[in-house]
Amino acid sequence: MIRCCIFDADGTLLDSMPMWRDITYEYAAQKGVRAPEGMHKTLNRLSLEQCAEYYQSLGAAGSVEEIVKELSACALNGYRTRVREKPQAKEFLELLKENRVPIAIATASNREAVLLALEHLGMLSLVDCLVTCDEVGKSKESPDIFLYCAEKLGAAAKESVVFEDSAYAIRTAKNAGFPVVAVEDQVSIHGETPLETKEGIASMANLYVRDYGELISRLAPAEDLSLGLGDLLG
């Protein structure tokens, strides 16, 4: 039986990856530094503090704290004006809520920015807890954020489904014993390695879906959503 669901935000619940890609290069230009090709894919793996350190390594002026503050301001504006929900994401969260399945969000992004987007899209009231990589002190190269969310919601890893779009985070969650649903995102499936493709991501996840509509349809026959989700994940 599945006892909780843990969602990534960007690229999984929120259609925000194009916005983050644009911000990466816009901010580099603002700081007067040359951004390497594919830089947004590198930063996608990092916490905001780690992103700030990366910009510093390129020669960006300012302390880590100052750069984090500037990046957060860029993100807040982006989440306020550019971000939409992934297709039928809210509908799926509502379905989980109706079936009393607790919901956590595990994100590498700024807490305030993600909260702003979730509230604007009408999803915030459906979420039981939200944890950021900055708060746990590690990126999703470590499973700590997923383990923390599961513990907070009273579930073991094997009883908690992680929903992700990024190959590296899917690998981390799987290695820590979590069943994983990979949600397709057009930015995430065009990576630089074989695992950062649709086929590579699908090979690591327990289940790969194009969108939440597909998942809702596949769960429709189940009388108990938590049992149905567990059966679907094998």
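The model shown is predicted, which means the values in this text are computed figures rather than measured ones.
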Would you call Lys41-Glu196 a salt bridge at under 4.0 Å N-O?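 Salt bridge: no.
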
Salt bridge or not for Lys138 and Glu49, using N-O below 4.0 Å?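 No, this pair does not count.
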
Determine whether a donor-acceptor pair (N or O, by modelled atom type, separation under 3.5 Å) exists between the side chain of [X] and the backbone of [Y].
| X | Y | value |
| --- | --- | --- |
| Tyr25 | Met39 | yes |
| Ser203 | Gly200 | yes |
| Asp231 | Gly234 | no |
| Arg3 | Gly154 | yes |

Has His120 got more than 12 heavy atoms of other residues, nucleotides or ligands less than 6.0 Å from its NE2?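 Result for NE2/His120: open.
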
For Lys174, does the NZ atom sit with more than 12 other heavy atoms under 6.0 Å from it, leaving out its own atoms? yes

In terms of side-chain heavy atoms, does [X] have a donor or acceptor partner in [Y] at a distance below 3.5 Å?
| X | Y | result |
| --- | --- | --- |
| Tyr212 | Glu91 | no |
| Tyr208 | Glu184 | yes |
| Ser142 | Asp144 | yes |

Side-chain donor-acceptor contacts of residues 103-115 below 3.5 Å, not counting sequence neighbours, with atom names and distances?
unit_1, atom_1, unit_2, atom_2, d
Thr107, OG1, Ser109, N, 2.9
Ser109, OG, Asp10, OD2, 2.3
Ser109, OG, Tyr79, OH, 3.3
Asn110, OD1, Glu112, N, 2.9
Asn110, OD1, Ala113, N, 2.8
Asn110, ND2, Ser72, OG, 3.3
Arg111, NE, Glu135, OE2, 2.7
Arg111, NH2, Leu130, O, 2.5
Arg111, NH2, Glu135, OE1, 3.3
Arg111, NH2, Glu135, OE2, 3.3

Quick check: closest heavy atoms across [X] and [Y], and the distance to 0.1 Å?
| X | Y | value |
| --- | --- | --- |
| Ser125 | Lys97 | O-CE, 4.3 Å |
| Lys140 | Asp8 | NZ-OD1, 2.8 Å |
| Asp165 | Met17 | OD2-CG, 4.4 Å |
| Gln50 | Ser139 | OE1-CB, 3.5 Å |

Path from [X] to [Y] over hydrophobic side-chain contacts below 4.5 Å:
| X | Y | value |
| --- | --- | --- |
| Ile216 | Val161 | yes |
| Val127 | Val162 | no |
| Val181 | Met123 | yes |
| Leu93 | Leu232 | yes |
| Leu215 | Ile6 | no |

From the options Phe146, Phe7, Phe178, select the one residue that forms a ring pair (Phe, Tyr, Trp, His ring centres under 6.0 Å) with Phe163. Phe7

What is the distance from atom [atom1] of [X] to atom [atom2] of [Y], rounded to the nearest 0.5 Å?
| X | Y | atom1 | atom2 | answer |
| --- | --- | --- | --- | --- |
| Gln30 | Tyr55 | CD | OH | 9.5 Å |
| Gln186 | Lys198 | CD | NZ | 8.5 Å |
| Lys90 | Leu124 | NZ | CG | 11.5 Å |
| Leu121 | Leu13 | CG | CG | 9.5 Å |

Would you sort out whether Glu66 and Lys31 count as a salt bridge (charged side-chain N to carboxylate O under 4.0 Å, His left out), showing the intermediate values? CA-CA 12 Å; Glu66 289 169 339; Lys31 299 297 283 187; over 6 Å; no

Could you list the donor-acceptor pairs under 3.5 angstrom formed between side-chain atoms of residues 217-230 and any protein atom two or more places apart in sequence or on another chain?
unit_1, atom_1, unit_2, atom_2, d
Ser217, OG, Gly213, O, 3.1
Asp224, OD1, Ser226, N, 3.0
Asp224, OD1, Ser226, OG, 2.6
Asp224, OD1, Leu227, N, 3.2

Note, Leu96 side chain near Pro102 side chain (heavy atom, < 4.5 Å):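 Answer no - side chains too far apart.
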
